[in-house]
Each structure stands twice: as C-alpha cells, then as structure tokens.
Protein chains: 2
Amino acid sequence: MQDKEITIYDLAERLNISATTVSRGLQDHPAINKKTKKRIFDLATELGYRSNKFASNLRKQKTNTIGVIVPRLNSLFMSSVLSGIEKIVNNAGYNLIISQSFEQEAKEKTNTTTMFNSRVDGLIVSLASDTQDFSHFDTFIKKNIPVIFFDRIAESIQSTKVLIDNFKAGYKATEHLIEQGCKEILHITGNTARNVYMDRFEGYKKALSDHNIPYDPTLFISNDLTEQAVQDSLLNDVLKRDKLPDGLFITNDSSAAFALTILKEAGLKVPEDIAIVGFNNDLISKVTEPAITTINYPGNEMGENIARILINHLDGEGDLSFTSTVILNTELIVRASSQRKK
Amino acid sequence: MQDKEITIYDLAERLNISATTVSRGLQDHPAINKKTKKRIFDLATELGYRSNKFASNLRKQKTNTIGVIVPRLNSLFMSSVLSGIEKIVNNAGYNLIISQSFEQEAKEKTNTTTMFNSRVDGLIVSLASDTQDFSHFDTFIKKNIPVIFFDRIAESIQSTKVLIDNFKAGYKATEHLIEQGCKEILHITGNTARNVYMDRFEGYKKALSDHNIPYDPTLFISNDLTEQAVQDSLLNDVLKRDKLPDGLFITNDSSAAFALTILKEAGLKVPEDIAIVGFNNDLISKVTEPAITTINYPGNEMGENIARILINHLDGEGDLSFTSTVILNTELIVRASSQRKK
DNA sequence: TTGTACGCGTTATCAA
DNA sequence: TTGATAACGCGTACAA
C-alpha cells in the first residue's frame, strides 16, 4: 500500500465542509450548491478519491451486483447473451458475477448459494439440463430478490422469463426439411424436461402433422447431446436400421456438426441422402462441409432485454409486470446441409 | 423483504453471549470453547444466518473478489481457463468478476477501472490484441494489488505471467509440416506486437532454418484473424500468386477452419495440395472435413495455476517469488488436415 | 475462555 | 444549502 486511500472525510477536511456535504456533492444531490459540487469533484479527482463500495453497500443494504448462472460459457450464443447483459448492466452501474453450472444441478445449487451469500441484487439464470428441483431459488424468492430465467426456463417458477419461441423455431426447422422433400425426419434433442427441448419437439410434431406426416416415435431420440451420446445414438441405433431417415433436425450446432461427421463417415451424402438442420447459428455451423442450416438465436438482443428488465425492476420501476414472459423471434438460416431443391 | 436479516448480534442475544464470541466462534477461533462454537453454529444454521460480506470487507479492507479481464469468452480455451480459475478460487472463498475487452484497448481500460473501483484483491488479465499502452495497470501496481497476466502477456510489465511456450509450439507445428513434406509454408497469424503471435512466429522461423529452408517474407501474413481478414488475405493475395504454398500454419482454429473452407472452395485439396495446422484444439477443429491438426492448449491447468499463484500471494505466502513466469507445455495433435505420410 | 469498546467509510435522519 | 450524529454489521486490541 503506497498512497493511503482517500475518504470523504479527507475531502471534507481539505475543503472545510462536512463529510455529509461531500457525500451529497459526489452524488449530485440537488440541494448542494453548484460551486461547492465543483470544488468537491475537482479535489476528488485531484486526490484520486474512489468511493468505497463496501461502506456504501453496508449502509444502503444494496450491492449493485448482479449474478449470472449459465450452463456453460463456450457457445457463441452464451457469450452473445452475456455480452448483451454486460453492456446494459455496466451502463447502469452494476457489476456482474458469472458462474457456470456445467450442466449439473449440484453445481448450480452451490453457485446459487454463493450468489445468495454475495447478496446479489438480482439473479439471471439459464438452467442446467438436469435440474429437476428448483428449491435452491426459494431463498431468493422469499427475500424478494428478483430472479430472471432465460432460454432454459422453469415453467413452474413464478418469475420473469426471457426466451425464444422454441415451438415456432422447431416448426420452422421441420417444415423446411419437409419442403426439401424429407419424409422421415429424425429428431435428436436434449432432455425434454427442459422447456427448450420440449417446445422444439412440439414444434416438430406440429409441422409433421400439418403436412400430413404421421409422427413416428422411433424417429425421436433424446440424449444429452454430447459428442459421445450423438455418436452412440447414430452408430448403435439409427445407422443399423433397415430404413434410414432422410432428414435430421438436431437441436444444437455442435451436435449437428458431430452428426454430420459421423454420417459422412458412414457413407451417407448430405444433403442428398439425409438433410440436416441444427440450432443456434454457432460458428461451427459455417465451417463444416457442407455448412449446416440452422436457427439463428438473437443472443445479444436477449441479453440486453434481460438486463433492461432486471434493472428497471431494481430501480423501482416496472414492478407490477414483473412476472412477465418475453419471447424473441428467431430466424432460419438455410445453408447447404439441407438444400436439395433450388 | 420477508425475514429480517440475522446478524451476529441476534445470535449473541439469543445465546446470552457477546457478539465478539459469536464472531470468533463463526471463524473457528481456537480460543473459543467447543461447546460454545457448536451452539453458535447450530443457531446460525437454524436461523439462516449469513455473514455480511460488506461489513466484513469494510472492516478487513479486503474484498475477497478477484477480477478477470479476457479478450473474449467464446473459445473452448478461454472457458477452460475460467473454469480452472473458478474452481480454485471458489474453494479458497473468493468471488470472481469477469469481463470481456472484445479485443479493444479502450474497453480493456474501462474494465480495468471498474475492477479497480470494485477493489478487487487481485486481477487476472489476458490482453486485448490491440493494447499498446499498459498505463491502466499502473494504479494496481502502485497500490500493490497483484496483477497476473496469462496467455497474452505484456513483456514489459513486471508481474507474474502464466503462459505456454509459444515458441516451442510454433516450432513443433512448423516442423510437423516440414516432416510431411511441405517446403513453402505459409504462416498466417495475429498482431505480432502480442507475445503469443510473435513467439509462434519465431518458432516457425527457427524450425525453417533448422531444416535448411530459407525464410520467405512473402509467406508471412499478419492480420486480425477474423473471418473477413483470413478471406481477404487468401482470396486477394495468396491464391493469386503464381506459386501456391503447400503448407499453412495459422494460429487459431476458427481461422484455420475458415481458411480450410476457402481453400477447398478454391479447388485445392487438403492435405494433398496444402497441409494445414491450426492452434488451440477448439471443438471446431474436430468437425471440419478434413479435421484440423492443431496445438492443444492446457486451458484448465493454466487456469488452476493462475488461481493458485494468485491466492497464495493474497494469503501472504509466496510473496518473494511474485514476479515469476510459469510456462506450460503444449502438445501437437495430428489430424487429417496435415497428414500426407503414414 | 469471554467481553468491552471502537473503528472501517458511507448515507439517512433530523436539525439548523 | 449545510451540518451533527447515528447506524449499517463485523473484527480486533485490550481488558478481564
């Protein structure tokens, strides 16, 4: 420690005014003389004063910190969301604490507790894929600390939710495959306990029925979408069948890329033998051979929306409509992996 | 707010002891009777007591928070590093504040200031690619707040650094291409003001000279490694040359994947016409056609190392050796994009 | 082994 | 428009 930390008392002493006035001046309090304010600010910058957040937090009982818990950071979608959140939240003077659940309920619970103990003013969560029990959020709800869920939400929790229309996206993806002439569309997806996967699945089924294609349960596979799981499902099951599917709708781009690799190795031609649609518009979908048709997720926009809602709430506005649901639009991006017709 | 927040005074009152004893008991102070401790802990859990970090921080003049500034979150490497850091840091009772510079010096400066004002106990930084001036870290150094640089470091700053041996990695990658019969090896990389790119470049040159291949400056291209830049360099320059290179060492996997796509579209065969080696072992390198040979970066290990060093320092140990440099090993992962010989 | 008393830096309250 | 004072919850020197 070289220079001692400057406090409002130091400023007050030098300016021959009270610490109260300094505090008010620093906060641009309307009742303070403009000249006094200027003197305060000038000296503050001169001496390198910085407000002590802990004293302030202690006094105000507020932390100006927002917690974020996500399953994983390593997707373009997640980092776009975070980027959006961070932008808004920073401008509003809040800090961000980020942690990952690595798709595990246990880690999610621990993280939630940590956030609680850090007294975040608000929490933003995208659920781990295997979270079944939501009691770890009860402490927040009890204390009226706002929790916003996004993307992977819990239907049963009363709280604001921000997500895309997964049903519509699933519908669009499936309909696109049908329009490309696919009749036997395989759907590989995650745990349907999670809304995102369930809704996409429902969209898939609706598109089939709207086009008079009967739903075939053997064409539905639910696993954890890891490389291993996708490989298992394809090699040990699908590729051993007598009748192979001619379309694949798989609900994330990395998995789509794995699937593509495996199918090509098995000698299938994409899109001629099997057309593929992924989900997320991650970088990876652009560089495979062929590039993968996918659903574009508005990550940044979603992040900004989440942050705005939360901050409005924290700043005391918009309190009434707090248990709302915001649904964002998605867009189908057609690439070579599914184009069989011009 | 439903339940009022419990403080050590509440506990003290109920147990008919002083707040001091409660405070000590909670901290497992040796001088406190075991039975008293037990009574304190039991009541604390019963009432849902949680320590107020702000009061504690205020009192201790320590925040138990560590700041991390990285260029971007969206690579497997970065999320592995963060994951490693988070693990160690959490176990040691610290919190993590993460922010992204998006490769911009200005944003990096702002983030640094925010971290400073949040009074982080330590800072972990990987520099933005265009950062030239490091004065924003001076405030930390002046106040003796430890700053650890990793991966993208600043040679000129006196402080602990954790990184891989980029020189060796560059050497290995290049040598591998030479062994596969390449003679005209194109090297596309980032801003060589940054150590990671400069060192890989030096490794590249050394490998060439050790194998008696003269260094050809026209085979060296430095850009920002974005999709656009890679495309420009290849389409508007390299592919128009009379003599095409027969090897490409490009220092990140996304760029390698872009390059691969572009070269294939231009009618070149990989690895027959041109063999490719990337860098990072990101997911993307596994799913391209062909899969890309790359350098595996020990992200997790790096993260854990960084965190351990920092925490040891903060806890008062290892103070002497604080300006050390830790270098981790890398490994070449050979895939189809470079294999021309068996 | 336990308790008293004070201070960390800020802000809310009340008074001037 | 400004000031005096107390309080936020905790940790610690000193005392017992």
Side-chain angles (χ1 to χ4, degrees), chain A residues 1 3-41 43-44 47-65 93 95 116-119 121 143 316, chain B residues 1 3-41 43-44 47-65 93 116-119 121 143 315-316:
Chain A
M1 260 331 140
D3 355 4
K4 213 185 139 278
E5 204 67 49
I6 307 288
T7 74
I8 52 172
Y9 289 104
D10 299 323
L11 299 180
E13 198 180 342
R14 293 238 202 173
L15 294 169
N16 273 321
I17 54 179
S18 77
T20 308
T21 306
V22 174
S23 172
R24 287 190 182 123
L26 256 13
Q27 292 167 81
D28 211 17
H29 189 113
I32 301 290
N33 189 304
K34 281 194 182 173
K35 286 187 182 171
T36 315
K37 273 184 198 165
K38 175 129 176 49
R39 287 174 61 219
I40 294 171
F41 275 116
L43 186 65
L47 297 185
Y49 166 82
R50 53 175 181 164
S51 152
N52 186 319
K53 286 199 179 172
F54 307 100
S56 173
N57 289 342
L58 175 59
R59 186 58 243 230
K60 290 193 301 193
Q61 304 282 57
K62 208 186 167 229
T63 67
N64 263 54
T65 297
N95 267 338
F116 186 66
N117 289 334
S118 302
R119 310 203 177 198
D121 291 334
K143 282 228 187 301
Chain B
M1 247 351 125
D3 356 3
K4 211 182 141 279
E5 204 67 48
I6 307 287
T7 73
I8 52 172
Y9 291 101
D10 300 322
L11 298 180
E13 198 180 344
R14 293 238 200 173
L15 294 170
N16 274 322
I17 55 179
S18 78
T20 307
T21 306
V22 175
S23 172
R24 287 192 182 121
L26 256 14
Q27 292 168 79
D28 210 19
H29 189 113
I32 302 290
N33 190 304
K34 280 194 182 173
K35 287 188 183 171
T36 316
K37 274 185 200 166
K38 175 127 177 49
R39 288 173 60 217
I40 295 172
F41 275 114
L43 186 65
L47 298 185
Y49 166 83
R50 54 175 179 163
S51 151
N52 185 318
K53 287 199 179 172
F54 308 100
S56 173
N57 288 343
L58 176 58
R59 182 61 240 231
K60 291 191 300 190
Q61 302 285 58
K62 209 186 166 227
T63 67
N64 263 53
T65 297
F116 185 66
N117 288 334
S118 302
R119 308 199 180 201
D121 291 335
K143 281 228 188 304
D315 291 353

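Given the structure is predicted, the values throughout are model-derived calculations rather than measurements. Lettering of chains follows the sequences in order, A, B, ..., and the numbering in each one begins at 1.
To the nearest angstrom, P of C:dT10 lies 16 Å from CG of B:Asn52. Atom OH in B:Tyr9 sits about 9 Å away from atom C1' in D:dG11, given to the nearest Å. C:dG9 atom C1' lies 13 Å from atom CZ of A:Arg50, rounded to whole Å. For the pair A:Ile40 CD1 and C:dT10 C1', the computed distance is 14 Å after rounding to whole Å. C:dT10 atom C1' lies 13 Å from atom CG of A:Asp10, rounded to whole Å. In this structure, the CD1 atom of B:Ile8 is 12 Å from the P atom of C:dG3, given to the nearest Å. B:Gln27 places its CD atom 17 Å from the P atom of D:dG9, with the value rounded to the nearest Å. Here C:dT2 presents its P atom at 14 Å from CG of B:Leu26, a figure rounded to the nearest Å.
Picking from D:dC10, C:dT2, D:dT2 the nucleotide with the shortest atom distance to the side chain of B:Ala55 gives D:dC10. Distance from the side chain of B:Thr20 is smallest for D:dA13 among the nucleotides D:dG9, D:dA13, C:dT11. For B:Leu58, taking side-chain heavy atoms from C-beta onward, the closest of the listed nucleotides D:dG9, C:dA12, C:dC14 is D:dG9. Comparing C:dT2, D:dG3, D:dT2 against the side chain of A:Ile17 picks out D:dG3 as the nearest. Checking C:dT11, D:dC10, D:dT2 against every side-chain atom of A:Thr21, the shortest atom distance belongs to D:dT2. Taking only side-chain atoms of B:Arg24, from C-beta outward, the nucleotide of C:dT10, D:dG11, C:dT2 with the closest atom is C:dT2.
When each of A:Lys60 and B:Ser18 is assigned the nucleotide of DNA chain C bearing its nearest heavy atom, the one mapping closer to the 5' terminus is B:Ser18.
At a cut-off of 3.5 angstrom, the base of C:dT2 holds no donor-acceptor pair with the side chain of B:Arg39. The base of C:dT10 is not paired with the side chain of A:Arg59 by any donor and acceptor separated by under 3.5 Å.
A:Gln61 has a side-chain polar atom (N or O) that falls below the 4.0 Å cut-off from OP1 or OP2 of D:dG9. Look at B:Thr7 and you won't find any side-chain N or O under 4.0 angstrom from OP1 or OP2 of D:dC8. Residue A:Ser23 places none of its side-chain N or O atoms closer than 4.0 Å to OP1 or OP2 of C:dT10.
Proximity of a side-chain donor or acceptor of B:Arg14 to a complementary backbone N or O of B:Leu43 within less than 3.5 Å is not detected. Distance alone, capped at 3.5 Å, is enough to place a donor-acceptor pair between the A:Arg39 side chain and the A:Leu15 backbone.
Note on A:Phe54: nothing from the nucleic acid sits closer than 4.0 angstrom, heavy atoms only. Here A:Ser56 lies in heavy-atom contact (under 4.0 Å) with sugar-phosphate atoms only.
More than 12 heavy atoms of other residues, nucleotides or ligands sit less than 6.0 Å from atom NZ of A:Lys62.
Taking the centre and axis of the six-membered ring of B:Phe116, the NZ or CZ atom of A:Arg50 falls inside the cone set by 45° and 6.0 Å.
When each of A:Val22, A:Asp28, A:Leu26 is tested with A:Lys37 by the rule side chain to side chain contact (heavy atoms under 4.5 Å, CB included), just one qualifies, namely A:Asp28.
Side chains of B:Thr63 and B:Asp121: a donor-acceptor N/O pair is present below 3.5 angstrom, by distance only.
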